[in-house]
Asks: 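Quick one: the structure is below, and I'll ask about it shortly.
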Amino acid sequence: MTQSTAQQLIERSNRLGADKKNTNFAGGNTSAKGLETDPVTGEALELLWVKGSGGDLGTLTEKGLSTLRMDRMRALANVYPGLEREDEMVAAFDYCLHGKGGATPSIDTAMHGLVDAAHVDHLHPDSGIAIATSKDGEELTRKIFGEKVLWVPWRRPGFQLGLDISKLKEANPQSIGCILGGHGITAWGETSEECEANSLWIIETAASYISEHGVAEPFGATVAGFKALPEADRRARAAALAPTIRGLASQDNPMVGHFSDDQRVLDFLSREKLTKLAALGTSCPDHFLRTKVKPMVLDLPANALLEEQQERLRELHGKYRADYQSYYESHADQQSPAMRGADPLIVLVPGVGMFSFGANKQTARVAGEFYLNAINVMRGAEAVSAYTPISDAEKFRIEYWALEEAKLQRMPKPKSHAGRIALVTGAASGIGKAIATRLAAEGACVVVADLDLAKAQAAAAELGNTDVAIGVAANVADAQAVQAAMDAAVLAFGGIDLVVNNAGLSLSKKLLDTSEADWDLQHDVMAKGSFLVSKAAAKALIDQQMGGDIIYISSKNSVFAGPNNIAYSATKADQAHQVRLLAVELGEYGIRVNGINPDGVVRGSGIFASGWGANRAATYGVDEEDLGQFYANRTILKREVVPENVADAVYVLTGPELTRTTGLHIPVDSGVAAAFLR
């Protein structure tokens with residue numbers, strides 16, 4: 001019975017969560033009650049399976065369920081100390097758990113346990129929240145649903161809300177669910193199929209009513225100058241603005257960003273009600289916990305000068321922080337947690353799009369999805385009534401809830417590079433790929449840049465989904481291609497923190513055999529290429545005002561005069577001096593520039609595999625398969641250097657331990673005395 005009931009619940013949850021019109025990511029929860037044989041007494045035992053804290057319905061598995069005894073859940077009503085102490089009931093859920101393992105019970109567990117129905121769904125559909133946040137929400141609920149759906153005035157999630165819904169259902173046996181004022185919907189049924197059908201009926205009936213009875217332009221007329229720019233223009237402007245906006249959003253804590261120019265966002269940004277509605281903020285608790293109480297909105301036309309927009313954003317940011325500080329001070333008391341930060345998580349730029357932020361890419365992306373949900377909610381509410389979210393006082397009670405604070409404190413400590421955005425050139429193979437892999441493992445968002453787009457995308461896919469890494473094409477010898485790669489990076493992740501100039505190639509030839517084309521090719525890729533990448537990165541880093549790192553993968557040959565190697569060694573020496581020059585020039589912006597001098601990296605090296613290895617083996621009179629050991633044998637440590645050793649050096653130079661180091665070259669060569677730095 002357990003597997004059948006739990007499996008039905010999981011399958012229903014996955015279907016509901018797969019469609020964003022039903023609920024947002026990680027929003028809402030579902031439950032089922034059923035019988036299981038108690039392994040201790042051998043008697044039938046009624047259990048509750050409910051989605052646990054922090055899970056997502058669309059991807060829910062059995063591990064994401066909390067399992068509780070219904071006899072003990074019902075008995076909690078006898079010890080409920082009242083509304084002022086209802087938070088204490090969350091700890092009491094632990095004493096109702098059955099078996100071991102499973103997820104932590106969420107705050108909504110009481111709703112599912114106390115409502116007398118075998119199956120319960122609590123969801124956050126845009127259409128349902130539109131009715132829930134309408135000024136005439138109670139009247140609209142009666143008008144749209146009759147006696148089948150009940151109205152529950154706003155109440156913060158918790159034990160009392162579960163009691164309220166339970167009593168309403170008991171008094172209205174004809175009901176199939178309710179609209180929760182300012183929040184969402186809850187539906188129930190005696191079978192899983194009936195519960196799911198009731199949930200979908202409420203969602204679809206609300207959506208149909210809004211569509212049939214709503215006004216044509218709920219956001220008002222289009223404002224001149226605020227219409228969406230053509231796609232190429234708005235994405236170029238978004239890329240130009242992204243570093244500035246990310247720097248503003250990261251004043252308290254480093255943030256990763258996400259950009260959306262969804263047509264529904266662009267339409268909202270072009271309308272006359274934008275300023276008024278944005279100022280009202282979001283309403284559903286899941287929304288404003290992810291988006292903050294309200295967004296920051298640029299109040300300039302889309303065709304304003306870039307510099308004018310940047311300056312105005314800085315002014316608005318100062319005002320936003322002051323307003324948030326006032327909001328906090330107006331509602332905080334002695335028991336309130338400390339203010340977590342006053343920067344916006346949503347920044348709206350008319351004609352361009354929406355920038356959303358979070359501690360990582362997934363959180364930033366989901367914040368944007370939630371604000372799109374909020375736009376849909378506002379559109380629906382304004383279509384049939386007037387959007388009226390819960391008060392700032394109630395928002396504060398949710399945002400700085402002790403239970404929410406406890407959840408945040410339980411989160412694991414971030415990795416060393418969490419929140420950092422890295423671009424690595426030549427990263428589809430060899431040293432570059434090892435660097436990209438190490439940075440991703442340490443929590444960074446990684447842009448794998450390579451001449452071959454397909455290989456770059458394949459290498460990025462090995463690191464994870466697009467919340468972790470993306471692949472971009474980058475001919476580093478072409479300024480436009482470099483800028484396009486940098487634009488792709490800042491649009492994907494909001495900005496840039498760390499650039500690794502790794503792209504390279506080599507032709508091992510004597511002076512008289514080295515052609516002008518050989519010379520130009522190697523200097524174009526490594527000397528010119530590093531210059532172009534560093535220049536594009538520096539522009540973004542300076543606009544961002546968050547400091548950053550530029551790393552050059554140079555070579556032992558930048559200081560060692562080896563045979564038959566004039567073009568390669570000369571360009572590596574060029575790269576090495578770029579490190580020194582840029583360290584001096586960019587230091588005032590907090591940008592650190594350092595280099596790494598590898599040697600003898602044969603295994604996994606793209607350069608060695610492309611013919612360089614055969615040439616160097618011939619130069620030294622050894623078989624190519626023995627070249628790695630040949631290099632190792634001539635070192636002090638007698639140990640072969642592999643790509644991961646270079647990646648380790650990048651990790652150390654860009655991590656938290658060497659924050660006062662710039663202009664340094666680190667040898668990664670197992671000790672070549674002739675290449676010691678003097």
Side-chain angles (χ1 to χ4, degrees), residues 239-259 343 355 357-364 414-425 427 432 435-449 460 463 466-470 472 474 482-483 485-502 530 533-553 579 582-583 586-596 647 649-662:
L241 287 171
T244 296
I245 295 174
R246 182 189 179 220
L248 296 175
S250 300
Q251 185 164 320
D252 290 316
N253 299 291
M255 291 287 174
V256 176
H258 176 75
F259 173 71
D343 297 322
F355 298 83
F357 296 92
N360 52 55
K361 172 63 178 184
Q362 183 196 51
T363 304
K415 295 182 179 179
S416 63
H417 287 60
R420 304 203 76 197
I421 300 155
L423 183 147
V424 185
T425 65
I435 293 168
T437 301
R438 179 63 188 272
L439 292 175
E442 299 298 338
C445 298
V446 178
V447 180
V448 175
L463 301 182
T466 53
D467 288 341
V468 175
I470 63 166
V472 300
V482 168
Q483 190 59 54
M486 197 63 62
D487 288 352
V490 301
L491 286 179
F493 298 115
I496 194 75
D497 297 298
L498 194 168
V499 171
V500 182
N501 281 306
N502 170 75
S530 295
V533 171
S534 295
K535 182 179 179 181
K539 174 64 170 66
L541 291 168
I542 291 169
D543 284 348
Q544 201 168 248
Q545 297 181 13
M546 295 172 62
D549 287 282
I550 299 176
I551 299 291
Y552 280 67
I553 306 302
V579 168
L582 295 186
L586 300 178
E588 66 176 291
Y589 304 105
I591 301 168
R592 302 181 307 123
V593 187
N594 292 292
I596 297 169
V650 173
Y651 160 72
V652 172
L653 278 172
T654 60
E657 287 85 7
L658 295 181
T659 59
R660 302 300 186 269
T661 299
T662 192

Asks: Does some side-chain heavy atom of L463 sit less than 4.5 Å from a side-chain heavy atom of T437?
Replies: yes
Asks: Just how far is it from atom CD of Q545 to atom OG of S250, taken to the nearest 0.5 Å?
Replies: 11.5 Å
Asks: Is a donor on one side and an acceptor on the other found under 3.5 Å between the side chain of N502 and the backbone of I553?
Replies: no
Asks: With rounding to the nearest 0.5 angstrom, report the CZ to CG distance, F357 to L248.
Replies: 8.5 Å
Asks: Using side-chain heavy atoms (C-beta onward) and a distance below 4.5 Å, is F259 in contact with V490?
Replies: no
Asks: Please name the pair of heavy atoms, one in V579 and one in G595, separated by the smallest distance, quoted to 0.1 Å.
Replies: CG1-N, 3.9 Å
Asks: Got a donor-acceptor contact below 3.5 angstrom from the K415 side chain to the A441 backbone?
Replies: yes
Asks: Nearest 0.5 angstrom please: M546 CE to I591 CD1, how far?
Replies: 11.5 Å
Asks: Which side-chain N or O atoms in residues 649-656 pair as donor and acceptor under 3.5 Å with protein atoms at least two apart or in another chain?
Replies:
residue: T654; atom: OG1; partner: H417; partner atom: NE2; Å: 2.9
residue: T654; atom: OG1; partner: V650; partner atom: O; Å: 2.7

Asks: How many angstroms lie between atom CD1 of I245 and atom CG of D543, to the nearest 0.5 angstrom?
Replies: 11.0 Å
Asks: Mind checking the NZ-CD spacing from K535 to Q483? Nearest 0.5 Å is all I need.
Replies: 9.5 Å
Asks: Can you confirm whether T425 sits close enough to V499 that some side-chain heavy atom of one is under 4.5 Å from a side-chain heavy atom of the other?
Replies: no
Asks: Heavy-atom distance under 4.5 Å between the side chains of N594 and Y552, does that happen here?
Replies: no
Asks: Among L423, I551, I550, find the residue that satisfies the side chain to side chain contact (heavy atoms under 4.5 Å, CB included) test when tested with N501.
Replies: I550
Asks: Find out whether R420 and P254 are in side-chain contact, i.e. whether some heavy atom of one side chain is under 4.5 Å from a heavy atom of the other.
Replies: no
Asks: Please output the side-chain donor-acceptor pairs of residues 491-498 that fall under 3.5 Å, not counting sequence neighbours, one pair per line with the distance.
Replies:
residue: D497; atom: OD1; partner: R246; partner atom: NH1; Å: 3.0
residue: D497; atom: OD2; partner: R246; partner atom: NH1; Å: 3.1
residue: D497; atom: OD2; partner: R246; partner atom: NH2; Å: 2.8
residue: D497; atom: OD2; partner: I421; partner atom: N; Å: 2.8

Asks: Compare every heavy atom of E442 with every heavy atom of S416, then report the nearest pair and how far apart it is.
Replies: OG-OE1, 3.4 Å
Asks: With the side chain counted from C-beta on, respond yes when P243 and L541 share a heavy-atom pair under 4.5 Å apart, and no when they do not.
Replies: no
Asks: Measuring only between side-chain heavy atoms, which start at C-beta, is L586 closer than 4.5 Å to T662?
Replies: no
Asks: Where is the tightest heavy-atom contact between I470 and A488, given as atom of each residue plus distance?
Replies: CD1-O, 4.0 Å
Asks: Of the non-hydrogen atoms in C445 and V256, which two are nearest, and what is the gap between them?
Replies: SG-CG1, 4.0 Å
Asks: To the nearest 0.5 Å, how far apart are CG in D467 and NE2 in H258?
Replies: 8.5 Å
Asks: A460 and A469: which non-hydrogen atoms are nearest, and at how many Å?
Replies: O-CB, 3.8 Å
Asks: Taking all non-hydrogen atoms of both residues into account, name the closest pair between V446 and A440 and its distance.
Replies: CG2-N, 3.7 Å
